[in-house]
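Below is one structure, written out as structure tokens; the observations come after it.
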Amino acid sequence: MPDTKDLQQALLGWFDAHARTLPWRAGAEGARDPYRVWVSEVLLQQTQVARGLVYFERFLAAFPTVQALADAPEADVLKAWEGCGYYARARNLHRAAKRVAAQGFPASYDAWRALPGVGPYTAAAVSSLTLNEPRAVMDGNVRRVMARLHAERTPTDAWAQARADELLDHARPGAWNEAVMDLGATVCIPKAPRCGACPVSAHCAAFASGQPAQYPAPKVRAEARAVQAVAVLIGDAQRAYLEVRSGRLLGGLMGLPMQEADGGDVPGALAALLARLGARDPRPLGVVTHGMTHRHLTVHVYAAHAPHALTDTGAAALARLDQKLLALAEPTQGTLFT
DNA sequence: AAGCCGGGGTT
DNA sequence: AACCCAGGCTT
């Protein structure tokens, strides 16, 4: 591509003037603190920067070093991750920290890629930012920027990675990667790109087309499945019987006993759940709806009695779903507005 | 290649 | 309420 040098110079010049100041960007370019960069990149998978900032500070306060993380019980790690979602990220980060604490930080892209929870994106980010290794990151921001530069409506992963590889500035790979992602996050945004503020609009085929937001075409998404379930509260909002969730959904976190209602058979699911718990005297508390990417949960919550040990709910790592379920049990303090 | 895994923001 | 966003792992 003839104008690659111009494009690189324009974008890096913009980045040098407008880079976001973020707590994981401390340290020399190409030689950043690997622990902070790694934690931030895992945290920022599927999480926007504004929200990631809160979790980053909380996580670093709880586990200031990779050794501290490796030494912590998994329950403590999940507690620090509570509410952030995709909890496999936290469990993989914890497993990987044990390896890093024993063997030292990986010294290459390939070594990073071998850690659990580190895929092509995270390995490229960490190896470029901390080792100055020339690896082009490819995430949602980069895919969108590449699609627009080339006016490509349907960029595949392989195509976008190849375009990112072509443009990578090998002299400053870390800064380049941050620059492309900052551009995608703050200027080349999905809905209404701010082309007037873009340092590379002169190189952009989508801008030239006059319809930059048409690139890339929106992805077809699977419809969320509606799921009915019942949950049983034994105890109250502060102390309740909690189970460790197993399986893929919210696995590893604590939560109220819950039972999916196959075919929408809520009474049947309630009966089955009460029988499993040896619980009696069910009393309806309310209904909670909770959206997750691939399903829309409607949970019918009942209070009941059973001889089970109660747990301090404030100390357990709970998903947002369970925080909503427990909120139904809060004592009614509603005299102010009645 | 396709489906699964949370949660929050915007409209 | 409906829609948008999105990396890694599993199958």
Side-chain angles (χ1 to χ4, degrees), chain A residues 37-56 58 78 80-96 109 112-127 135-147 154-161 164 177 180-181 184-186 188-193 213-214 216-227 229 245-255 258 260 287-299 317-325:
Chain A
V37 171
W38 177 28
V39 169
S40 74
E41 292 298 347
V42 173
L43 206 43
L44 293 173
Q45 294 167 9
Q46 319 295 300
T47 302
Q48 301 207 332
V49 166
R51 183 140 196 93
L53 279 168
V54 177
Y55 281 92
F56 182 80
R58 182 203 293 188
L78 288 170
W81 207 270
E82 178 183 55
C84 194
Y86 287 115
Y87 299 95
R89 293 183 296 167
R91 296 197 285 177
N92 282 332
L93 182 61
H94 186 221
R95 276 205 295 148
Y109 171 94
W112 274 106
R113 182 68 184 81
L115 290 174
V118 178
Y121 165 77
T122 303
V126 181
S127 61
R135 294 278 181 172
V137 296
M138 213 286 286
D139 71 347
N141 288 315
V142 177
R143 177 197 319 281
R144 187 171 55 255
V145 170
M146 295 304 144
T154 54
T156 64
D157 281 359
W159 179 89
Q161 183 70 63
N177 282 331
V180 180
M181 290 191 284
T186 66
C188 196
I189 52 183
K191 288 270 187 127
Q214 304 287 313
K219 286 183 180 175
V220 181
R221 295 167 201 286
E223 192 175 338
R225 190 160 53 95
V227 174
R245 294 203 187 289
S246 61
R248 289 184 163 79
L249 187 66
L250 305 176
L253 275 72
M254 309 280 285
M258 202 162 74
E260 186 173 333
V287 177
V288 164
T289 62
H290 188 68
M292 297 189 292
T293 302
H294 294 292
R295 60 187 85 191
H296 188 73
L297 282 174
T298 303
V299 186
L318 300 175
R320 300 279 177 189
L321 168 62
D322 287 286
Q323 293 170 346
K324 285 189 192 175
L325 300 179

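Residue numbers begin at 1 in each chain, while the letters A, B, ... track the order of the sequences.
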How many whole angstroms separate atom [atom1] of [X] from atom [atom2] of [N]?
X        : N     : atom1 : atom2 : value
A/Glu223 : C/dC3 : CD    : P     : 9 Å
A/Ile189 : C/dC4 : CD1   : C1'   : 13 Å
A/Arg113 : C/dG7 : CZ    : P     : 14 Å
A/Arg95  : C/dG8 : CZ    : C1'   : 12 Å
A/Leu44  : C/dA6 : CG    : P     : 12 Å

Subject >> Taking every non-hydrogen atom, the tightest pair across A/Leu250 and A/Tyr87 >> reply: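 Where A/Leu250 meets A/Tyr87 most closely, the heavy atoms are CD2-CE1, 3.9 Å.
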
Original post:
Atom CD in A/Gln45, atom CG in A/Asp139: separation rounded to 0.5 Å?
Top reply: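 If I round to the nearest 0.5 Å, the distance is 10.5 Å.
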
**OP:** Find the distance between CG (A/Leu43) and CD (A/Gln48) and round it off to the nearest 0.5 Å.
**Re:**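 Spacing of CG (A/Leu43) from CD (A/Gln48) equals 12.5 Å.
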
Which part of the nucleic acid, if any, lies within reach of [X] when heavy atoms closer than 4.0 Å are counted: base, sugar-phosphate only, or nothing?
X        : value
A/Arg144 : sugar-phosphate
A/Pro218 : nothing
A/Val118 : sugar-phosphate

Original post:
Any side-chain heavy atom of A/Leu78 within less than 4.5 Å of one from A/Leu253?
Top reply: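 They are in side-chain contact.
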
Original post:
Does some side-chain heavy atom of A/Thr47 sit less than 4.5 Å from a side-chain heavy atom of A/Tyr86?
Top reply: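 A/Tyr86 vs A/Thr47: side chains apart.
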
Subject >> P spacing across the pair B/dG9 / C/dG8, given as an integer number of angstrom >> reply: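 Their P atoms lie roughly 23 Å apart.
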
**OP:** Rounded to whole angstrom, note down the P distance from B/dT11 over to C/dA6.
**Re:**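 That atom pair is separated by 15 Å.
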
Original post:
Can A/Glu41 and A/Tyr121 be counted as having a side-chain donor-acceptor contact under 3.5 angstrom?
Top reply: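 The criterion, which ignores hydrogens and geometry beyond distance, is satisfied for A/Tyr121 and A/Glu41.
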
**OP:** Report the residues that fulfil salt bridge (Lys or Arg N to Asp or Glu O under 4.0 Å) with A/Arg245, sequence neighbours left out, ordered by chain and then residue number.
**Re:**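 Result, salt bridge (Lys or Arg N to Asp or Glu O under 4.0 Å) vs A/Arg245: A/Asp322.
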
Subject >> Under 4.0 Å protein heavy-atom contacts per nucleotide of nucleotides 1-11 of chain B, with B for base, S for backbone only and - for none >> reply: ---BBBBS---

Original post:
What's the closest nucleotide to the A/Pro120 side chain, out of C/dG8, C/dG7, C/dA6?
Top reply: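 It is C/dG8.
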
